[in-house]
Structures are given as structure tokens and as C-alpha cells.
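Accompanying notes for the structure given below.
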There are 2 protein chains.
Amino acid sequence: MRDGEAEDEPVTSTRERLVESAAALLAAGGPAAVTLRDVGHSAGVSHNAPYKHFASKQELLAAVAAAELRRSRDRLVRVRRGRPAVQAVRLILHGYVRQAHEHPELFRLVYGPWRTDSPELAEAADAARSALVDTVTAAQSDGDLPPGDPDRLAALLLALAHGAAELALAGHLARDGKGHADPADLIDDLFAQLTGPPVPTPETSPR
Amino acid sequence: MRDGEAEDEPVTSTRERLVESAAALLAAGGPAAVTLRDVGHSAGVSHNAPYKHFASKQELLAAVAAAELRRSRDRLVRVRRGRPAVQAVRLILHGYVRQAHEHPELFRLVYGPWRTDSPELAEAADAARSALVDTVTAAQSDGDLPPGDPDRLAALLLALAHGAAELALAGHLARDGKGHADPADLIDDLFAQLTGPPVPTPETSPR
DNA sequence: ACCTGAACACCGTTCAAGT
DNA sequence: ACCTGAACACCGTTCAAGT
């Protein structure tokens, strides 16, 4: 899409450095720590140079989110190769909650409420989502997931992963010793329900 | 308003008015619109009178969230009466996503990320959660939900409802006509999985 | 005990220039 | 085409008083 730029440009552009600085500040101190003054200074420019590349702070954060969504989609496509689709789906969902745990601020930025509508962001989100839907469809064809609208089944899986990750981040998932279930456990619980009851039929034919 | 000199009258205190003002501003314009200046002015006091009742803006918002959680728990207890527990659980979860749809800003405040740890908030959240767990436990006793750790099953249900509500708010649930599933549909899908496959054995009905 | 008005240290954004 | 420095309009928070 960027065929207007020469590809042999090893120098990171100011724009790229701004996005990286914003991501670093976000990870370190949450959204409150992402001030345009610090972003600019950390990228080696003045406090309002960002406005030459982004219309507002929101647009800069949208670029951070879009970059993460593109990386996410790449991971998704990579995990798909060399294993059954149903296993790929499970790994994808586990990766989703792991990402939330390891990079909570970035996770909240990407999957949290968006008050802007950046086309770049919408496009990246759609690409990531459709990659999941494709894998779910393949798992259905293999007979490893129940039939039905793949969009809807993917939405069910994604909603659970998202909700489990967020409840865990908020500390609403079992604070006491009893009944502690981490997000990965909940995903496995749903998979156990979807792929068959605890005592499935011993037949080998799919479905 | 003040018709007597008794200390404890049902007259709305300044503190209560501050909480109500904050809730109204939040609903109208999101968290950015909740400025302490507007909260104070809207409650008929100065711009920093809130500091005489709350240590910070976060604490004021925590009081707004706690009040909503208490109302939520009351609704939960009320819906429990006069119907089978499994139906109550379904209504509770549907109410959860409906609340997210009708009062998105309040929903995000209550169930979103908390960087403070107000005891009042934690207590209200625990009370609401345990009311759900109780109902789930009753539904399991009725044989209407699968057995197992009720905390974990409740977490599964709540995670799905939460994730579905948030994805819907973010517009990540089916923008096109095909495969559009609203959060309530996803909840019903999960219930269909949990309460039994489409064609269960008609024998051995418990109760 | 509760409240006010001024003040401080920010932060997003805009503007008039600079190269 | 990209960047700077000053400036503006905020906002959370603190402080010294007022009743």
C-alpha cells in the first residue's frame, strides 16, 4: 500500500518514532502517561511536532493500536500453519488472553472503547477478525467445531476470550483460593462444551 | 428543602448530589465531561467542594460505580424471585448486556479498568457477584445447569456476557448484514450448549 | 464541619514563524 | 515539507482563609 515510498529506507521516520514512543509510554504508565510533550521529546522532536503527522492525540493512539492489530493478525496467520484448525483456534484465543495479561495497557487501547473512527484502525481490526473467522470455518469443515454461522461462532469465542481477559485484568475473576479460574481455564471449559460432552461417542467419524 | 434542624433527614446531602451530578455528566458526555468544576457547579457548590467529600476525582467516580453496583445487585435479587433459577440466570445476563447498551458510559465505568482500590467499590462488586453465584448454584441443584464449581461456571457466563457487551459497544460484533449476532444471541447460544445439545435424551429427567 | 476563591502545575491544541 | 517556541484555554489539586 505504501508503494510511494522507497523500500530501501532503513532510517526510521519521525512518524514511526512517534508511534514507538507513544507505545512505550503507554506500556510504562498507562494512557495518562502518554502526553504529547513526552512523546515528542522521547522521539527527539518538539512537543507539538506530532501534529505534523497526526491530527490529534487520538489519531496517534489509533496508529499505535493499528500497528498492534497488524502484528496480531500476523501472529494469527503464523499459528495457523502446520496444525489442525481447531487447535489453531484454541491457541489464538489463549494468545489473546496472554496478550492481555502481558501487555494490559496495549490490550485495553486496542480492544477498548474507540471514540474516533480511524479507517486504518477499522481496516486492521477487520483483517484480524476475518483471519479468526477463516480458521473457525476450517475447524467446522474438519468437524471439530459445531456447524452453524462461522461469524457467530467466532463471535462467541472471541466474546468469551475478551470478557475473561478483561475480568481477569479488573481482578473480578476469583480473588480467593476457592474456584479460581484463570481466563485460559474458561476458554478450555467452553471448548470442552463445544467439541463434545465429557463422555463423547467413541465413534471415529466426524460428527 | 430543609424543614427542620434534625441531623439525619432524608434531605439529599451534598455528597449525594455530587455523586448524582457526576453520574449525569458521565452519561451525557463520557468521562471527559466529568470535570470537578462542572460536578460542583451542577450540585450547587464551588468547583472544589468535592474535595471535602472525596479524596480525588477517582474516589468520586468510585462512589458512582459503587452506587450502580448496589442497584445492580438489587435488580439481581429481585429477578430471582418467583421463577426457576436457570431462567433467572438467563435474565440476569440479558440484563447485563442491556445495561451496557442503554448506559454505555456507566457500564464502562463500573466494569472497566480500576486503578484505585476503594473498599466500598470492592464490597459492592463482591456482593453483586456472589448473588449471581448463588443463583447459578441453585440452577445446578435443579439440574438445569451442568455440575461443577459454581464460581467457575458463573465466571464463564459472566465473561461471555461481559465480552459480548463490550465487543458490541466497540462495534466489533458483525457490522455487515451477514452473521449478525447481538450480545443476547451469543448468551442464548451458550445457554443452548450448557443446558443440553439440541437432541438430548428424553429420559431421566431430574426433579 | 463545610465551603470559597485564588493559585499552581500541568496538558491538548493553535498560531506565527523559521529552515 | 517539516519543525519550533510562545501562547491559550482548560483541568486536577492545593492552600489560606472564611462562616
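Values reported hereafter were calculated over all heavy atoms of this structure, with side chains retained and with hydrogens, waters and symmetry mates removed. Here is how names work: the chains are called A, B, and so on, in the same order as the sequence lines, proteins then strands, and each is numbered from 1. This is a predicted model, so every value here is computed, not measured.
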Measuring only between side-chain heavy atoms, which start at C-beta, is [X] closer than 4.5 Å to [Y]?
| X | Y | result |
| --- | --- | --- |
| B:L157 | B:V136 | yes |
| B:L190 | A:L190 | yes |
| B:H94 | B:D188 | yes |
| B:L156 | A:Q193 | no |
| B:Q58 | B:W114 | yes |

Where do N or O atoms of nucleotides 17-19 of chain C meet protein N or O atoms at under 3.5 Å, pair by pair?
none

Rounded to the nearest angstrom, tell me the gap between atom [atom1] in [X] and atom [atom2] in [N].
| X | N | atom1 | atom2 | value |
| --- | --- | --- | --- | --- |
| A:L25 | C:dC11 | CG | C1' | 14 Å |
| A:R17 | D:dC3 | CZ | P | 8 Å |
| A:E59 | C:dT13 | CD | P | 10 Å |
| A:Y51 | C:dA16 | OH | C1' | 17 Å |
| B:L60 | D:dG12 | CG | P | 10 Å |
| A:L61 | C:dT13 | CG | C1' | 15 Å |

Interatomic distance at [atom1], [N] relative to [M], whole Å:
| N | M | atom1 | value |
| --- | --- | --- | --- |
| C:dA17 | D:dC2 | P | 22 Å |
| C:dC10 | D:dA9 | C1' | 13 Å |
| C:dC3 | D:dA16 | C1' | 13 Å |

inquiry  = Looking at A:R129 and A:D151, is any side-chain nitrogen of the basic one under 4.0 Å from a carboxylate oxygen of the acidic one?
reply    = yes
key: A:R17 bridged to A:E20 by N-O distance under 4.0 Å   = no
key: Donor-acceptor pair, side chain of A:Q140 and main chain of A:G148, under 3.5 angstrom   = yes
ask   = Just by distance, do the side chain of A:T137 and the backbone of A:V133 share a donor-acceptor pair under 3.5 Å?
value = yes
A:T14 side-chain N/O to D:dC2 phosphate OP1/OP2 under 4.0 Å = no
inquiry  = Less than 4.0 angstrom between a side-chain N/O of A:H53 and OP1 or OP2 of D:dC3, yes or no?
reply    = yes
request  = Strictly below 4.0 Å, heavy-atom distances to any atom of DNA chain C: list the hits from residues 36-50 of chain B, or just say none.
outcome  = B:R37, B:V45, B:S46, B:H47, B:N48, B:A49
ask   = Taking the inter-plane angle between the rings of A:H162 and A:Y111 on a 0 to 90° scale, is it parallel (under 30°), tilted (30 to 60°) or perpendicular (over 60°)?
value = perpendicular
message = As a quick check of understanding, evaluate side chain to side chain contact (heavy atoms under 4.5 Å, CB included) for A:N48 and A:L36, giving each step before the final call.
response = CA-CA 7 Å; A:N48 65 19; A:L36 290 185; over 6 Å; no
message = Pairs counted only when both distances fall under 3.5 Å, Watson-Crick or G-U: show me the 5' to 3' dot-bracket for DNA chain D, [ ] for pseudoknotted crossings and | for other-strand partners.
response = ||.|||||...|||||.||
